[in-house]
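FYI, side chains are in, hydrogens and waters are out, and symmetry mates aren't considered; it's all heavy atoms of this structure.
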Amino acid sequence: MAEVRLEKVWKAFGGNMVIRGVDLTVDPGAFVVFVGPSGCGKSTLLRLIAGLEEVSRGNVWIGGRDVTELPPYERGIAMVFQSYALYPHMTVYDNMAFGLRLAREGRAAVDARVREAARILQIEPLLERKPRQLSGGQRQRVAIGRAITRNPEVFLFDEPLSNLDAALRVQMRIEIARLHRQLGATMIYVTHDQVEAMTLADRIAVLDAGVLRQFAAPLELYHHPADRFVATFIGSPRMNLLPCRAVGEAEGGVMVEIAEGTVLATPTRAEESAEILEIGLRPEHLLCGGGGDAGIAGEILAVERLGGESFVHLSLVGDRTLVAKAPGGIEARPGTVMRIGIPAGAAYLFDRDGRCLPRPAFD
Amino acid sequence: MGAWLWLFLAGLVAALLAGWGRAPWRWRRRIGRIGFACLLLLLILYTVFPFYWAVVSSLRTGSALFSTELWPRDPAWDNYVAIFREQPFATNILNSVLVAVATVAVSLLLAVAAAYALGRVSFRGRLPLLFTVLSVSMFPQIAVLSGMFELVRAFGLYNRLGSLVLSYLVFTLPFSVWVLTSFMRELPKELEEAAIVDGARPVTLVLRIFLPLLAPAMVTTGLLAFIAAWNEFLFALTFTLSAEQRTVPVAIALISGASAYELPWGNIMAASVVVTLPLILLVLVFQRRIVAGLTAGAVKG
């Protein structure tokens, strides 16, 4: 269990700035997930912590030690790779023992550690097999087992589940959460899957173009995003963004006009100087068929029926579109007009710089 | 015999042209297979016949050498006895083995190290270097001969087996480096990184991770290097002087008869057979391993 601290970390590949001044502290024993669109630098950040890449500027601290100049094996970390990266010519046992043997551990100690890890992951019957004789899920377990045997202070996972099929992914996700509780080690996990991020993490770091946009607990990100980027990145389907303008003060908040005749009295307080330009509405907060504190009408473009729920895509006046979540059995046909109700508390307001104004949580 | 073959082939082609369009699919496929088998048979005949003739000639003595019968009437081993009695042929074979093994060992060792650098480490001038290595393999042997001779003399290796090992590296190294470099690049980067995180230093990385994974490629390149070294003639002729330092190809070429007017074909053929058999065995043995290594998916986990 160790604290991981990044101190104004920059990374350039050639002239290309990939990480731009990231400051981040991962508490001992925490499960932190790095998310962001592809190319945002999340994997690079993980590799900087691992020591597989050198930082261009800044420092990396692990467990109170400045490890910036240390090679990976002296940092007290273990890493699980997306492609598992098992040594194909070694048995599962040898794969898991490789690091310990290199560290010149005694035969008995190696055996004990490997068997302990195998027991935790329930791969004892597989110890004598070669990686090519294993299924994808089993390989992933072995890769995690290899990390466990090193008894690291920090586990690093680089998109470990993206090569697995959907059912297995859910199962392994639960397994990793269990492992975290059991081992109590600090874990840092990179993924582009926000379901993984939301369900596993104590805190999530949202990255965009090498910049840390927000670092907070999952529900904090959902209810109080720092800016437009985080607001639209967290939540599926993504948040609707509509242009709006402030038209006055109501008791407790600001009134915004979303469209001709649609005025919403939000509970969000704003200073006089704040220039509100956009309103964000999550599909799951919208009420199909009307209700709420204000309403807006649109022509149905498409209906995606998932069984338990449906997503209705609407076209509003002025070339704008809106997605709303509806019950599975909703009566809706493309081409017809539907009225959407907006609860006042659902609104996220964004200013000129894309910052989200502080708002009360909404359920 | 040639005439009969051509007649058979012509007949086959005529039959195919006549009946192809109307024949049912099953028949067409069957005929196609038979045709393919015939083609393979022809190819085997073409490649194996010279060797077969060498074997047959080696079992003949005297004027029987000039007979065109397919099998000698009274096969005799006299030629085989003679080559070992009349010159230090056993020593020559030993020389060839030493030179070929040393060449393979040195070139594989250097090639793996070079392949790691060229395939895994990115540095300025990597590509120009690779192409320089490639271009070396295109020099005709005769062009490097005199320069190599100076080098051999400078190292004091003239008329020693070391001169051959040194000079053979000129043509075994380029293809070994190229084949192993491309193999090395195929190995997933994450494998290397996993080993680094596990605490492997570069030497451990090469020996414990890359070497086992490169084994199929190393068998192939090693075998090719062995064959090249085993068969090489020009350097071996130039850099050795005494009969005791000669390798097999030179020794065979310099086998002389009782008089200047006699070419001892029987002896030459017997010597050729003796040095070809181990090569054939080697290829047969290792070919299995190469194929096994490749099909087992040793590279992809």
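With a 4.5 Å cut-off on non-hydrogen atoms, A78(A) touches chain B through its backbone but not through its side chain. Of the two parts of R201(B), only the side chain, counted from C-beta on, holds a non-hydrogen atom closer than 4.5 Å to a non-hydrogen atom of chain A. Within the 4.5 angstrom heavy-atom criterion, atoms from both the backbone and the side chain of I77(A) approach chain B.
In terms of modelled atom types and a separation under 3.5 Å, the side chain of H89(A) and the main chain of F210(B) share no donor-acceptor contact.
Taking the side chain as every heavy atom from C-beta outward, I209(B) and F98(A) approach each other to under 4.5 Å. The shortest side-chain heavy-atom distance between V197(B) and R75(A) does not fall under the 4.5 Å cut-off. Residues L191(B) and P88(A) are in side-chain contact: their nearest non-hydrogen atoms beyond the backbone lie under 4.5 Å apart. Contact annotation: the side chain of Y87(A) approaches that of D198(B) to within less than 4.5 Å [non-hydrogen atoms, C-beta and beyond].
Counting heavy atoms of neighbouring residues, nucleotides and ligands inside a 6.0 Å radius, atom CD of E74(A) exceeds 12 of them. By the neighbour-count criterion of 12 heavy atoms within 6.0 Å, atom CZ of R120(B) is densely surrounded, having more than that number from other residues, nucleotides or ligands. Dense packing is recorded around CZ of F123(B), with more than 12 heavy atoms of other residues, nucleotides or ligands lying under 6.0 Å away. Residue Q133(A) places its CD atom among more than 12 non-hydrogen atoms of other residues, nucleotides or ligands, all under 6.0 Å distant.
Among the candidates P72(A), G51(A), A85(A), the residue making the largest number of heavy-atom pairs closer than 4.5 Å to chain B is A85(A).
Of all the heavy atoms in E193(B) and F81(A), the pair that sits closest is OE1-CE2, 3.6 Å.
Of the inter-residue distances, the one linking R101(A) atom CZ with T204(B) atom OG1 reads 14.0 Å to the nearest 0.5 angstrom.
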